[in-house]
Amino acid sequence: MVFRRLSEIVELLKDWAAWYNSEDSGYPGSTPIWRLRNSPGETGFQSSIPSGVLPPPGLGRVQKAMNHLLESRMGQDVEITRMFYTLGLEETVKRSGLSRRNVYEKKRRGEAALEGFLLRD
């Protein structure tokens, strides 16, 4: 998939977050370790998809880009982007301790970093 506009990466991230948050994905509550560590009904924010849980092909590229960029100088921006799409604005503000303005700025930079990675991949 070739991206031409930032709106395309936004749509891809929305699709990724919908999959990530869906019960059909089996993530994050699908693994025995997760179930042992968390009480029923709790959802934890995981840094990576557990072994054996595979995202749909196009969304796997997004996960690969996130995993790569989390270890880069853009890591915090990508982490905020992930939180924003999976948890929403208010929860991201609460968990990160950042202002709304800073969350939006980091989200924008994270989206740009992901778009750049996906363009070259």
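Position 1 is the first residue of the sequence, and the numbers go up from there.
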For M66 and L13, work out which heavy atoms get closest and say how close.
-> CE-CD2, 3.5 Å

Presence of salt bridge, E91 and R95, under 4.0 angstrom = yes

4.5 Å side-chain heavy-atom contact, V62 and D15 | no

Validation row: V93, S99 side chains within 4.5 angstrom (heavy atoms) = no

In Å, rounded to the nearest 0.5 Å, how long is the span from OG1 of T86 to NZ of K14?
-> 14.5 Å

Shortest non-hydrogen contact between A113 and V78, atoms and distance | CB-CG2, 4.4 Å

Rounded to the nearest 0.5 Å, what's the gap from CG on L87 to OH on Y20? Could you check?
-> 7.5 Å

Is the backbone N or O of M83 less than 3.5 Å from a side-chain atom of T92, with the two atoms forming a donor-acceptor pair by type?
-> yes

When rounded to the nearest 0.5 angstrom, what is the spacing between NZ in K106 and CD in Q76?
-> 3.5 Å

With sequence neighbours left out, the residues meeting ring-ring contact (aromatic ring centres under 6.0 Å, His included) with Y85 are none

Does the side chain to side chain contact (heavy atoms under 4.5 Å, CB included) test come out yes or no for E115 and V10, once each step is laid out?
-> CA-CA 9 Å; E115 181 181 37; V10 168; over 6 Å; no

Side chain to side chain contact (heavy atoms under 4.5 Å, CB included) between L98 and I80, worked out | CA-CA 10 Å; L98 298 170; I80 294 297; 3.9 Å; yes

Not counting sequence neighbours, which residues clear side chain to side chain donor-acceptor pair (under 3.5 Å) with E71? List them please.
-> none

To the nearest 0.5 Å, how far apart are CG in L119 and CD in E8?
-> 9.0 Å

Could you give the distance from CZ (F117) to NZ (K64), rounded to the nearest 0.5 Å?
-> 5.5 Å

Taking every non-hydrogen atom, the tightest pair across L70 and R82 | CD1-NH1, 4.1 Å

When rounded to the nearest 0.5 angstrom, what is the spacing between CD in E111 and CZ in F84?
-> 8.0 Å

By salt bridge (charged side-chain N to carboxylate O under 4.0 Å, His left out) - contacts of R109 (at least two apart) | D77, E105

Considering non-hydrogen atoms only, spot the tightest contact between L118 and A65 and give its length.
-> CD2-CB, 4.1 Å

